[in-house]
Amino acid sequence: MEAPFTARAWQRMLSGRRLDLLDPSPLDIEVSDIAHGLARVARWNGQTFGDHAFSVAQHSLCVEEIFRRQNKCGPDECLIALLHDAPEYVIGDMISPFKAIVGGGYKTVEKRLESAVHLRFGLPPSPPETLKAKIKKADRTSAYFEATLLAGFSNEEAKKFFGLPRGITREMLFLDPVPAHEAQARFQARFDAIEAERRAAGRT
């Protein structure tokens, strides 16, 4: 008699960690895996101009840059902004219309992963709503520029879906798609810089 089939609910990481997707442990989170994964996940389902995909790692750098420019914030808040899409290193990026169709199951897994990532780096498992709103505003600003410059949206379309950016210009942002290894290195470098600020402030 054959043994019953058991679906695998974990992901083997290049660091050697085995991350349980349904019950992720902070002990199995490594920033090297996050940087590697996000640099290889394409925003906009890969439907962007350029020789390289515009990765979630690049998007995360843009969002953190916008967030810093728009808010008076400390290194903890900057790290939360940088890691706002960190769960996608495991579950990939899903465009908003499809997220709405999939519904609660996706959001549950995403939330558990977010909490594990935050705990791994000494952050609150769930950021305050006011902080999440500020990061979401930065996210939408980045999305506007990505949509119009990379994903073929008209200015009017992007304005309708993401709002019109204020106080941020294209020149401020790292929007030219680069190879995965470069996006990975830049993400890792920004993470390391924020962690150095946190250590200096006695936050880690």
Side-chain angles (χ1 to χ4, degrees), residues 13-15 17 19 24-43 54-93 110-143 145-146 165 167-204:
M13 300 297 169
L14 292 183
S15 65
R17 298 291 189 182
L19 183 65
S25 168
L27 297 176
D28 291 325
I29 305 291
E30 298 290 347
V31 69
S32 60
D33 293 328
I34 295 173
H36 182 96
L38 294 186
R40 288 159 178 79
V41 175
R43 288 272 291 170
F54 186 78
S55 69
V56 176
Q58 277 195 257
H59 165 76
S60 298
L61 289 163
C62 285
V63 170
E64 195 265 335
E65 175 75 25
I66 294 165
F67 175 75
R68 269 190 294 119
R69 289 177 178 270
Q70 290 180 332
N71 301 279
K72 183 178 180 180
C73 53
D76 281 12
E77 290 82 8
C78 288
L79 186 57
I80 292 171
L82 183 69
L83 296 172
H84 78 283
D85 277 339
E88 294 178 9
Y89 90 104
V90 179
I91 56 179
D93 183 31
E110 183 181 48
K111 184 64 179 174
R112 288 174 181 168
L113 285 165
E114 179 188 69
S115 295
V117 168
H118 284 186
L119 290 171
R120 169 64 177 82
F121 301 115
L123 299 167
S126 182
E129 290 300 322
T130 52
L131 176 57
K132 288 199 287 189
K134 290 175 182 178
I135 294 172
K136 186 62 179 177
K137 179 182 177 183
D139 184 77
R140 290 171 64 84
T141 297
S142 184
F145 286 109
E146 294 169 35
I168 302 293
T169 65
R170 183 258 178 274
E171 291 71 29
M172 297 174 180
L173 305 176
F174 169 44
L175 285 164
D176 295 325
V178 296
H181 66 85
E182 182 177 342
Q184 178 178 345
R186 289 190 181 221
F187 183 96
Q188 181 71 61
R190 182 59 191 145
F191 176 91
D192 291 343
I194 295 173
E195 282 291 270
E197 290 180 37
R198 295 179 75 213
R199 285 194 296 273
R203 300 296 296 162
T204 60

CG on D192 to CD on E197, rounded to 0.5 Å
11.5 Å

Distance-only polar pair, side chains of T169 and E171, donor-acceptor under 3.5 Å:
yes

Taking all non-hydrogen atoms of both residues, which atom of S115 and which atom of P125 are closest, and how far apart?
OG-O, 3.4 Å

Between H181 and H36, is the ring centroid distance below 6.0 Å?
no

Between C78 and R68, is any pair of side-chain heavy atoms under 4.5 Å apart?
yes

What I'd like to find out is whether the side chain of E195 reaches to under 4.5 Å of the side chain of V31, using heavy atoms alone.
no

Considering only NZ, NE, NH1 and NH2 on the basic side and carboxylate oxygens on the acidic side, decide whether E65 and R190 come within less than 4.0 Å.
no

Would you tell me whether Q58 and R43 have side-chain atoms, one donor and one acceptor, within less than 3.5 Å of each other?
no

What distance separates F54 CZ from E146 CD, expressed to the nearest 0.5 Å?
4.0 Å

Do the side chain of S142 and the main chain of A138 share a donor and acceptor less than 3.5 angstrom apart?
no

Gap separating the CD atom of Q70 from the NZ atom of K137, nearest 0.5 angstrom
5.0 Å

Between D76 and F121, is the side chain to side chain contact (heavy atoms under 4.5 Å, CB included) condition met? List the steps.
CA-CA 10 Å; D76 281 12; F121 301 115; over 6 Å; no

Keeping R120 on the side-chain end and I29 on the backbone end, is there a donor-acceptor pair under 3.5 Å?
yes

Are the side chain of E114 and the backbone of A86 linked by a donor-acceptor contact shorter than 3.5 Å?
no

Between K111 and S126, the two heavy atoms sitting closest are NZ-OG, 3.0 Å

In this structure, CD1 of I168 is separated from SG of C62 (nearest 0.5 Å) by 10.5 Å

Can R17 and D33 be counted as an ion pair, charged N to O under 4.0 angstrom?
no

Any non-hydrogen side-chain atom of N71 less than 4.5 Å from a side-chain atom of E77?
no

Can you find a pair of side-chain heavy atoms, one from L113 and one from I91, that are under 4.5 Å apart?
yes

Using 0.5 Å steps for rounding, measure from the CG atom of L38 to the CG atom of D85.
7.5 Å

Applying side chain to side chain contact (heavy atoms under 4.5 Å, CB included), run through F191 and L79 and close with a yes or a no.
CA-CA 7 Å; F191 176 91; L79 186 57; 3.5 Å; yes

Salt bridge between K134 and D139, side-chain N to carboxylate O under 4.0 Å?
no

How about I80 and F67: do any of their side-chain heavy atoms sit closer than 4.5 Å?
no

Side-chain contact test, heavy atoms from C-beta onward, threshold under 4.5 Å: evaluate it for K132 versus I135 and give yes or no.
no

Measure the shortest side-chain to side-chain distance between Q184 and S55 over non-hydrogen atoms and say whether it is less than 4.5 angstrom.
no

Here the gap from M172 atom CE to T141 atom OG1, rounded to the nearest 0.5 Å, amounts to 11.0 Å

Checking S60 against E64: is there a side-chain donor and acceptor pair closer than 3.5 Å?
no

Run I34 and F187 through side chain to side chain contact (heavy atoms under 4.5 Å, CB included) and show every step you take.
CA-CA 9 Å; I34 295 173; F187 183 96; 4.1 Å; yes

Looking only at heavy atoms, what is the nearest atom pair of S15 and S32, with distance?
CB-OG, 4.3 Å

Measure across P24 and L19 and return the closest heavy-atom pair with its distance rounded to 0.1 Å.
CB-CD1, 3.9 Å

Would a 4.5 Å heavy-atom cut-off, applied to side chains only, mark H118 and P26 as touching?
no

Report yes or no: does H84 contribute a side-chain atom to a donor-acceptor pair with the main-chain N or O of A81 at less than 3.5 Å?
yes

